[in-house]
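The structure appears below as structure tokens.
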4 protein chains.
Amino acid sequence: MPRGRPKNTEARREQIVEGLLDVIAEHGYDGASIVAIARAAGLAPGGVHYHFKTKQDVLIALASRLGDTLRRRWELRMSDAGPDPLVRLDAFIDAHLALQGSADPRAVAAWVVIAAESLRRPEVRSAYAAVVDERLTTLRSLCGECLREQLGSAHGAAAAAAAILAAIEGAYALATAAPQSIPPGTAAPTIRKMARSLLTA
Amino acid sequence: MPRGRPKNTEARREQIVEGLLDVIAEHGYDGASIVAIARAAGLAPGGVHYHFKTKQDVLIALASRLGDTLRRRWELRMSDAGPDPLVRLDAFIDAHLALQGSADPRAVAAWVVIAAESLRRPEVRSAYAAVVDERLTTLRSLCGECLREQLGSAHGAAAAAAAILAAIEGAYALATAAPQSIPPGTAAPTIRKMARSLLTA
Amino acid sequence: MPRGRPKNTEARREQIVEGLLDVIAEHGYDGASIVAIARAAGLAPGGVHYHFKTKQDVLIALASRLGDTLRRRWELRMSDAGPDPLVRLDAFIDAHLALQGSADPRAVAAWVVIAAESLRRPEVRSAYAAVVDERLTTLRSLCGECLREQLGSAHGAAAAAAAILAAIEGAYALATAAPQSIPPGTAAPTIRKMARSLLTA
Amino acid sequence: MPRGRPKNTEARREQIVEGLLDVIAEHGYDGASIVAIARAAGLAPGGVHYHFKTKQDVLIALASRLGDTLRRRWELRMSDAGPDPLVRLDAFIDAHLALQGSADPRAVAAWVVIAAESLRRPEVRSAYAAVVDERLTTLRSLCGECLREQLGSAHGAAAAAAAILAAIEGAYALATAAPQSIPPGTAAPTIRKMARSLLTA
DNA sequence: CATGAATGAGCTTTCATTCAT
DNA sequence: CATGAATGAAAGCTCATTCAT
């Protein structure tokens with residue numbers, strides 16, 4: 001039974017990850033110096049390194065936190081979606097394009113940054129790939145269900161899942177870097193329509 | 001008749017941009033130090049700054065060069081595509097996903113880096129947005145033609161164009177950062193199929 | 001009771017300014033690289049930028065420190081000078097030309113460098129002008145007192161103050177750049193004499 | 001007897017020195033890169049080094065050109081001044097403070113820059129000191145004449161000359177870096193008055 | 001004579017990381 | 001646990017100078 005001051009490591013780590021999220025959303029990853037992250041988290045610079053070995057580790061933690069958020073958001077919508085796999089697919093797309101106002105623009109910006117950073121740092125790439133893979137696995141099984149129900153075979157589920165996720169990720173990127181390119185409110189319905197076309201005759 | 005040393009700025013700029021392309025493909029933008037770019041271009045470090053004011057300017061030049069390449073590649077395929085707008089749309093998608101082996105993996109990696117960098121530097125964003133806008137304009141007019149022919153009205157062309165471009169851009173990102181997520185050879189046909197679904201009844 | 005490492009910024013800033021003073025005196029501002037300043041202050045190069053945003057800020061801090069020193073030195077002499085404004089004026093000139101051996105040749109060299117640098121950098125110019133203005137204000141009021149007492153009107157005080165300060169500043173410059181041009185020990189008495197001629201009938 | 005193209009070296013050197021004068025006046029010595037000097041002189045960068053071994057040599061040439069100008073200006077005024085040494089002294093001061101509109105503000109700015117640069121570069125210091133020494137020699141002999149005529153002995157001429165030149169040089173510095181400190185039109189008359197006080201009973 | 005490309009040493013500045021307090 | 005001073009290895013950039021043309 002531990003004595004003395006209770007640990008607040010987890011809370012602090014969360015604070016720091018949240019600080020990074022804020023700073024990335026406002027200044028990009030370049031502006032996310034340790035000092036800036038610390039300030040946003042209400043700590044001194046040294047504190048960040050007390051709780052994370054490197055700055056990269058903070059980014060990795062952020063990546064997996066964003067993954068958790070996506071999973072939770074999808075699970076939430078799933079419980080309302082009923083058994084129809086096509087409806088569940090719609091729920092997946094909506095969860096990721098965050099239709100009903102629950103989107104966190106900070107998260108979108110951060111996710112694009114993580115995608116970019118993953119090009120450079122293998123460790124970040126692993127974290128990014130882990131989230132992508134989990135999304136893909138989910139999506140592939142959804143696509144498989146649809147295809148089996150519609151066409152009797154799950155053939156093509158992987159390709160469909162990849163294309164749908166590509167459209168989602170691409171929508172993030174365009175929304176962030178060239179927002180004027182997407183007519184407001186069209187992203188989710190259009191991608192839903194594209195998705196259905198892959199899964200129905 | 002001019003005396004003195006002849007100008008070679010254009011050739012050198014091209015060399016430097018090419019050097020950046022090489023270095024980005026291998027080490028990402030972070031690894032693309034001026035020294036590395038210069039070495040790849042066969043110059044001393046100062047040489048890069050003789051021909052470009054800042055490192056960012058090299059990246060911007062690279063962005064517009066990639067845009068030129070895309071445009072040229074599409075124009076090439078267009079001449080073979082005939083008058084059917086749906087076929088021309090396929091040509092567009094193929095040109096961008098570079099089916100028949102003419103793809104430059106360096107270019108894909110660099111483009112993703114530019115997209116990421118455009119989040120941080122407004123000037124890069126302008127260059128990125130310029131290329132995106134040109135692609136979108138082309139795509140929107142293609143979509144418009146298809147829709148008018150198929151459905152009698154161009155309504156929805158902008159949303160369709162954005163979604164298709166999102167899928168293309170997302171495919172770049174996934175291909176770069178999580179290559180195992182896309183079954184080989186499926187990207188272009190799947191996206192072609194999705195695109196058609198938006199433009200036909 | 002604060003935890004953590006205690007702040008020592010003020011002391012360090014003072015050390016760094018002192019380091020700059022040393023280096024300027026020996027090698028001029030051109031020789032005053034950040035590395036040299038840091039070494040003179042007993043720090044690593046990064047340390048200077050931890051306590052000052054830019055190198056220029058160190059120079060500005062030095063300017064205002066030199067101004068403080070001048071003011072203190074004059075206040076010291078003032079307390080001995082008695083009420084006669086002409087004697088107080090003598091005290092001003094002596095304080096600035098540092099008769100009784102309290103002169104800091106480093107300070108003179110640095111001041112000339114600051115004057116020169118103020119031609120190039122607006123921010124340095126502001127700092128320089130602030131010191132000059134304070135000296136001028138003091139001097140003008142001294143001249144005004146003298147003139148009122150001697151001639152019944154303070155007319156001409158501003159012109160007299162400017163000329164006296166010009167002579168002082170010029171003496172710094174000549175002493176630094178062409179020391180042989182001033183017969184030793186003559187600067188202060190000669191300028192005192194010139195000053196009196198402006199303030200008496 | 002030389003054949004072929006006539007040399008235009010002297011003219012080119014003059015052009016380059018003039019270019020430096022322009023650039024210093026506008027951007028200070030820091031802004032006076034070889035490229036900027038060359039551009040102001042209508043040459044390519046290499047041209048400057050064809051005519052001058054180093055950039056410093058251009059500055060030195062400028063220093064002696066400014067000295068020549070001062071000498072010529074004084075000689076001109078001297079011819080109008082008549083035999084009275086006090087009047088000739090006034091002419092000297094006026095020549096240097098350039099009363100009747102013949103002042104070149106570029107020259108004043110450049111001279112202050114040269115004074116500053118002379119602190120750093122021994123070679124520049126020599127050039128600066130040469131001009132100062134010539135002025136001082138002239139001034140000393142003028143002061144000597146005055147003193148002998150007024151007081152029967154030239155004693156104190158050197159100190160007087162130094163103080164007068166200090167006031168002139170200081171006026172340049174103040175006029176350049178803190179122009180508001182000198183009431184317009186007062187510099188020359190006030191310094192003339194100060195000078196006379198040193199040379200008369 | 002003149003050009004302008006090219007060099008490379010030098011600079012200031014940033015910043016992740018370490019560590020004494 | 002936490003602070004914040006300090007480090008030192010980069011980085012981008014400038015520029016006098018050289019030299020092929």
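If you're wondering where the values come from, they're calculated on a predicted model, not measured in any experiment. Convention: sequence-line order gives letters A, B, ...; per-chain numbering from 1.
In this structure, A/F52 places its CZ atom 16 Å from P of E/dT18, rounding to the nearest Å. Per the geometry, CG belonging to C/L20 stands 11 Å off P belonging to E/dT12, to the nearest Å. Distance B/D30 CG to E/dT14 P: 17 Å, rounded to the nearest Å. Nucleotide E/dT14 holds its C1' atom 15 Å from the OH atom of A/Y29, rounded to whole Å. Whole-Å rounding puts the B/I34 CD1 to E/dT13 P distance at 19 Å. Rounded to an integer number of Å, the gap from C/E10 CD to F/dG4 P is 15 Å. In this structure, A/D57 places its CG atom 8 Å from P of E/dT17, rounding to the nearest Å. If you take CZ of A/R39 and P of F/dA2, they are 19 Å apart, rounded to a whole angstrom.
Of the inter-residue distances, the one linking B/I37 atom CD1 with B/I24 atom CD1 reads 7.5 Å to the nearest 0.5 angstrom. The NE2 atom of C/H49 sits 9.0 Å away from the CG atom of C/D57 when rounded to the nearest 0.5 Å.
Base pairing annotation: E/dC1 forms no Watson-Crick or G-U wobble pair, as no partner gives both donor-acceptor distances under 3.5 Å. Under the Watson-Crick and G-U wobble criteria, each requiring two contacts below 3.5 Å, nucleotide E/dG8 is paired to F/dC15.
Comparing E/dT17, E/dA6, F/dT7 against the side chain of B/R12 picks out E/dA6 as the nearest. Checking F/dT7, F/dG4, E/dA5 against the side-chain heavy atoms of B/H51 singles out E/dA5 as nearest. Minimum atom distance to the side chain of D/H49 is reached by F/dT18, of the listed E/dC15, E/dA6, F/dT18. Considering only the side chain of D/A44, E/dT3 comes nearest among E/dT3, E/dT17, E/dA6. Of the listed nucleotides (E/dT13, F/dC1, E/dG4), E/dG4 has the atom at the smallest distance from the side chain of B/Y50. Distance from the side chain of B/K55 is smallest to F/dC13 among E/dT3, F/dC13, E/dA16.
A pairwise comparison of heavy atoms in D/A32 and D/V23 identifies CA-CG1, 3.6 Å as the closest pair.
Judged by distance alone, with hydrogens and angles left aside, the side-chain atoms of C/R13 form no donor-acceptor pair with the main-chain N or O of C/F52 at under 3.5 Å.
Of the side-chain N and O atoms in B/N8, none sit less than 4.0 angstrom from OP1 or OP2 of F/dT21. Side-chain nitrogen and oxygen atoms of B/T9 include at least one within less than 4.0 Å of the OP1 or OP2 phosphate oxygen of E/dA5.
Residue D/P45 is the one, among B/G46 and D/P45, whose nearest nucleotide of DNA chain E lies closer to the 5' end (criterion: closest heavy atom). Comparing C/G47 and B/G31 against DNA chain F, the residue whose closest nucleotide sits nearer the 5' end is C/G47.
When side chains are defined from C-beta on, B/E10 does not count as touching B/E14, because their heavy atoms never get closer than 4.5 Å. Side-chain contact between A/V48 and A/K55 is absent, with no heavy-atom pair separated by less than 4.5 Å.
Only the C1' atoms considered, E/dC1 is 13 Å distant from F/dT21, to the nearest whole Å.
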